[in-house]
Amino acid sequence: MEIRDLLLVPAVNAYEDLIRRFCDGQRGLGRALALEPARSLLDTTADLTRDVAAVQLSGVRWLLDS
């Protein structure tokens, strides 16, 4: 097995899972708040975090596959 399979792929998968949980937490906190601007801000930042992480993960996976 290569070091890529032993360390890098699980690390990338763990990062993806962490980002997903973080975004879910942001959305959950937003739903719990009664103030609409804060709710909208948390939802927007969760979307932004998800999109930035998707770009990062795409680049890393591309590098790992090449």
Strictly below 4.0 Å, N to O, side chains only: are R50 and E16 in salt-bridge contact? no
In Å and rounded to the nearest 0.5 Å, what is the CG to CG distance from L48 to L41? 10.5 Å
For A46 versus C23, what's the shortest heavy-atom pair and its separation? O-SG, 3.3 Å
Tell me, do T44 and S40 make a side-chain contact under 4.5 Å, heavy atoms counted? yes
Hey, what do you get for CG (L35) to CG (L42), rounding to the nearest 0.5 Å? 10.0 Å
With a cutoff of under 4.5 Å between side-chain heavy atoms, which Ile, Leu, Val, Met, Phe, Trp and Tyr residues group with I19? L8, V9, V12, Y15, L57, V60, L64
Could you check R21 against D24 for salt bridge (charged side-chain N to carboxylate O under 4.0 Å, His left out), going step by step and ending with a plain yes or no? CA-CA 5 Å; R21 289 173 191 251; D24 290 346; over 6 Å; no
